[in-house]
Amino acid sequence: MSNWIEVCALDEIDEEDVVPFDHAGHTYAIYRCPEGNVFATSGLCTHERIHLADGLVMDDIIECPKHNGRFNYKNGQAQGAPVCEHLKTFATKVENDTIYIEVAP
Amino acid sequence: MTMRDYSLTGASSRLAQEQGLASATWYQTDIPRKTMKALMKRSDGPAIRDTAIWLLCLVSFAAALYLTWGTFWAVPVFLCYALLYGTASDSRWHECSHGTAFKTPWMNNSVYYLASFMVIREPKVWKWSHARHHTDTIIVGRDYEIMGHRPTRVLRHILAMVGLPQTWGTLKSLVRHASGRLSPDEQSFIPEMEHNSVFRTARIMLALYGLSIGLAVGFQSWYLALIIGPLPAMAGVWLAYVFGLTQHAGLAENVLDHRQNCRTIYMNPVFRFLYWNMNYHIEHHMFPMVPYHQLPALHQLMKEDCPPVYHSTWSAFKEVVAAMWQQRKDPEHYVRRELPQTPTADTETTTMAAQTA
């Protein structure tokens with residue numbers, strides 16, 4: 001069963017940027033890629049649990065603001081030291097200029 | 001007097017974790033997101049320019065040493081070359097380990113490995129130890145890069161000015177890693193999946209140092225020995241060591257506020273070039289993904305939220321020496337930095353942590 005949660009308006013996220021989103025005790029990072037599409041991952045770096053929403057988005061990459069750990073936010077793949085564990089990703093959709101993510105019920 | 005336990009697997013480590021000092025949340029100056037994004041933005045230009053100047057200076061002084069060989073002038077020429085080799089490589093190693101100097105990853109990696117060879121540091125091991133240093137800055141039992149161990153061992157610091165303990169330590173660790181072993185401390189911060197990479201890199205580094213020494217011996221050339229390998233690194237490390245001491249030594253241990261355990265110092269342009277702006281050390285630790293060339297701008301934004309800046313390298317270094325001299329006999333002594341009363345300052349957290357030091 002899908003569980004779509006409203007995040008924010010689409011224009012609240014700049015292109016090539018990320019915002020944090022907290023829901024039910026979990027933190028998520030919501031991205032808009034340079035082409036404008038929306039993606040979502042778990043919000044904390046798998047290395048030292050730093051908030052990725054404070055990091056820098058460069059093309060398909062989110063860089064942790066603390067240790068230079070990099071992930072592809074479209075598929076969650078860790079790009080090398082100091083991150084070894086991939087990020088969890090979540091489905092997103094945009095309806096009526098509002099962003100939703102699908103989380104476990 | 002017994003040394004504090006700075007190991008990463010002993011009582012201090014357990015205490016740091018029990019007190020919530022490990023992987024903790026640190027104080028940050030409030031800077032708008034758009035401004036921070038602009039500061040973190042990467043570019044290749046400044047680092048290409050500065051690396052080209054650095055390498056050109058190295059080649060020029062190496063040529064000058066060749067031309068002045070056998071004269072008095074060879075001595076000052078070599079000392080300048082050694083500073084570019086042993087001190088400037090330290091800051092290049094550091095910035096590229098953060099992946100912030102260049103926008104292009106292969107450029108960062110190339111300069112990182114070159115500088116690691118020059119400064120005699122294992123690139124894989126130090127990548128992980130430096131990540132820990134930024135997670136748990138000057139937290140006893142967690143940070144592997146604390147230079148100002150208490151009580152102060154004066155002789156060790158004097159020898160370190162010519163690189164002896166560092167070079168000997170790296171030689172031992174290279175042999176240990178080349179033979180497929182890690183120390184318990186290293187195992188605590190290097191993930192298992194990286195171990196083989198550490199071992200392989202150590203073997204390559206040993207081969208390269210062996211080659212550089214072998215060439216000098218084979219050609220019976222002091223010139224080669226002074227141009228590449230351990231000798232220029234050791235002869236030129238003293239200024240990097242002075243810079244390194246001014247970063248944290250003599251300040252508080254076990255606090256969760258970089259304004260209390262880092263120094264920001266105004267330095268002259270030559271030092272800032274050699275040091276790649278790491279004199280803005282509070283700024284660097286609070287926001288480590290801001291490239292070195294943006295640190296002066298970041299400093300302007302947050303200086304009102306920080307303790308007073310040291311106005312010269314000398315003013316910071318003499319404070320370090322005085323504090324460390326006192327710490328020979330009194331390991332509890334440290335320099336307390338006065339924090340400004342700004343709206344964002346969370347002095348309660350930092351004071352609580354300081355009391356555990």
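Numbered from 1 within each chain, the chains take letters A, B, ... in sequence-line order.
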Between A/Val18 and chain B, with a heavy-atom cut-off of 4.5 Å, which part of the residue counts as in contact: side chain, backbone, both or neither? both
For B/Lys34, is it the side chain, the backbone, both or neither that has a heavy atom under 4.5 Å from a heavy atom of chain A? side chain
Where does B/Met40 contact chain A at under 4.5 Å (heavy atoms): side chain, backbone, both or neither? both
Check each atom of A/Glu85 against the heavy atoms of chain B and say whether the ones under 4.5 Å are side chain, backbone, both or neither. neither
Both conditions, 6.0 Å and 45 degrees, for the charged tip of B/Arg259 above the ring of B/Tyr27: are they met here? yes
Salt-bridge present (A/Lys66, A/Asp54; N to O < 4.0 Å): no
Are any of the side-chain nitrogens in B/Glu145 or B/Arg132 under 4.0 Å away from the carboxylate oxygens of its partner? no
Answer with side chain, backbone, both or neither: which region of B/Lys37 has an atom nearer than 4.5 Å to a non-hydrogen atom of chain A? both
B/Tyr144 to B/Leu8 - nearest heavy-atom pair and separation: CD1-CD1, 3.8 Å
Would you find more than 12 non-hydrogen atoms of other residues, nucleotides or ligands less than 6.0 Å from B/His195 atom NE2? yes
Against chain B, label A/Arg49 side chain, backbone, both or neither, depending on which of its atoms sit under 4.5 Å from a heavy atom there. neither
Ion pair B/Asp44/B/Lys103, N-O distance below 4.0 Å: no
Looking at B/Gly99, B/Pro191, B/Ser197, B/Ser97, which has the largest count of heavy-atom pairs under 4.5 Å with chain A? B/Gly99
